[in-house]
Amino acid sequence: MPDNAHAGHEQLVPVAPEFFVRDVDASIRFYVDGLGFRLLRRDGDFAVLGLGDAHVLLAGPSIGAGLKAWLASGPRGVGLNIRIMVDDIDAMYARVKAAGAPVVDDIKDQYYGLRDFMAADPDGFVLRFAAPIA
């Protein structure tokens, strides 16, 4: 169920990447059931999801003309990752592994003071989950 208290607040988030996905329902299940995001808003083939202060927008093929063919053409988001700060990086890593998401860069402490890892969503978008090293 969407958290209606947050409906429409995605305009207030400084950066909210929008992922053009093949199947909004499948992506919602992945993010909500698998990774623990909240469904903040759902309007047909469009959804807003939240995890902490981070928002991710999902748009399906019916959103734009020509989008369906483009979605079928191959991978998107190559060379880009979206960093999402979390409170407990090890718990998020376990959750991602349990959801069966491909881990594309394993968890480790980084020289820049974060512990992070990268995983891919069902459409190949790469998410970098990170937390300050304790």
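Residue indices begin at 1 and follow the sequence shown. Heavy atoms only: backbone and side chains are in, while hydrogens, waters and symmetry mates are out. Keep in mind that what you see is a predicted model, and the values were worked out from it rather than measured.
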Participant: To the nearest 0.5 Å, what is the distance between CG (N81) and CG (D105)?
Facilitator: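 Reported value, rounded in 0.5 Å steps: 9.0 Å.
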Participant: For D43, give me all partners under side-chain hydrogen bond (donor to acceptor under 3.5 Å, both in side chains), at least two apart in sequence or on another chain.
Facilitator: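 Testing D43 for side-chain hydrogen bond (donor to acceptor under 3.5 Å, both in side chains), a comparison that skips the adjacent residues, returns R41.
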Participant: Not counting sequence neighbours, which residues clear side-chain contact (heavy atoms from CB on, under 4.5 Å) with P17? List them please.
Facilitator: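 Per chain and number, P17 pairs via side-chain contact (heavy atoms from CB on, under 4.5 Å) with V15, F19, I82.
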Participant: Nearest 0.5 Å, what's the CG-CG distance between D23 and D45?
Facilitator: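 One finds 8.5 Å between CG of D23 and CG of D45.
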Participant: Restricting to non-hydrogen atoms, name the atom on H55 and the atom on L40 that form the minimum distance, rounded to 0.1 Å.
Facilitator: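 Nearest heavy atoms, H55 then L40: NE2-CD1, 3.1 Å.
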Participant: Work out which heavy atom in A101 is nearest to a heavy atom in A120; give both atom names and the distance.
Facilitator: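 Looks like CB-O, 3.7 Å.
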Participant: So, using salt bridge (charged side-chain N to carboxylate O under 4.0 Å, His left out) as the criterion, who are the partners of D116 when residues are at least two apart?
Facilitator: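 Counting only residues at least two positions away or on another chain, D116 forms a salt bridge (charged side-chain N to carboxylate O under 4.0 Å, His left out) with R128.
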Participant: For V96 and F117, run side-chain contact (heavy atoms from CB on, under 4.5 Å): C-alpha distance rounded to whole Å, both residues' side-chain angles, the deciding distance at 0.1 Å, then the answer.
Facilitator: CA-CA 10 Å; V96 164; F117 70 94; 3.9 Å; yes
Participant: Closest approach of V24 and A59, non-hydrogen atoms and distance?
Facilitator: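 Looking at all heavy atoms of both residues, the shortest contact is CG2-C, 3.9 Å.
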Participant: Indicate yes or no: at least one non-hydrogen side-chain atom of D25 is less than 4.5 angstrom from one of R42.
Facilitator: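 Result yes, sub-4.5 Å side-chain heavy-atom pair found.
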Participant: Between atom CG of D121 and atom CZ of F30, what is the distance when rounded to the nearest 0.5 Å?
Facilitator: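 One gets 6.0 Å once the value is rounded to the nearest 0.5 Å.
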Participant: Do Y31 and L58 have side chains that approach each other closer than 4.5 Å (heavy atoms only, starting at C-beta)?
Facilitator: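 They are in contact (side-chain heavy atoms under 4.5 Å apart), so the answer is yes.
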Participant: At what distance, to the nearest 0.5 angstrom, does CG of L49 lie from CG of L39?
Facilitator: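 The CG atom of L49 sits 6.0 Å away from the CG atom of L39.
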Participant: Any chance you could pull the hydrophobic cluster mates of V126, using side-chain heavy atoms under 4.5 angstrom and chaining through other members?
Facilitator: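 Result for V126 is V104, M118.
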Participant: In Å, rounded to the nearest 0.5 Å, how long is the span from CG of D123 to OG of S27?
Facilitator: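 Answer for the CG-OG pair, D123 versus S27, is 4.5 Å.
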Participant: Could you pull out every donor-acceptor pair under 3.5 Å between side chains of residues 84-95 and any protein atom, sequence neighbours left out?
Facilitator:
{"residue": "D88", "atom": "OD1", "partner": "D90", "partner atom": "N", "Å": "3.3"}
{"residue": "D88", "atom": "OD1", "partner": "A91", "partner atom": "N", "Å": "3.0"}
{"residue": "D90", "atom": "OD1", "partner": "R115", "partner atom": "NE", "Å": "3.2"}
{"residue": "D90", "atom": "OD1", "partner": "R115", "partner atom": "NH2", "Å": "3.2"}
{"residue": "Y93", "atom": "OH", "partner": "D106", "partner atom": "OD1", "Å": "2.4"}
{"residue": "R95", "atom": "NE", "partner": "G34", "partner atom": "O", "Å": "3.1"}

Participant: Shared ILVMFWY cluster between F129 and L80, side chains joined below 4.5 angstrom?
Facilitator: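 Result: yes, single cluster for both.
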Participant: Which heavy-atom pair separates L114 from I133 by the least distance, and what is that distance?
Facilitator: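 Scanning both residues, the minimum pair turns out to be C-CG1, 3.5 Å.
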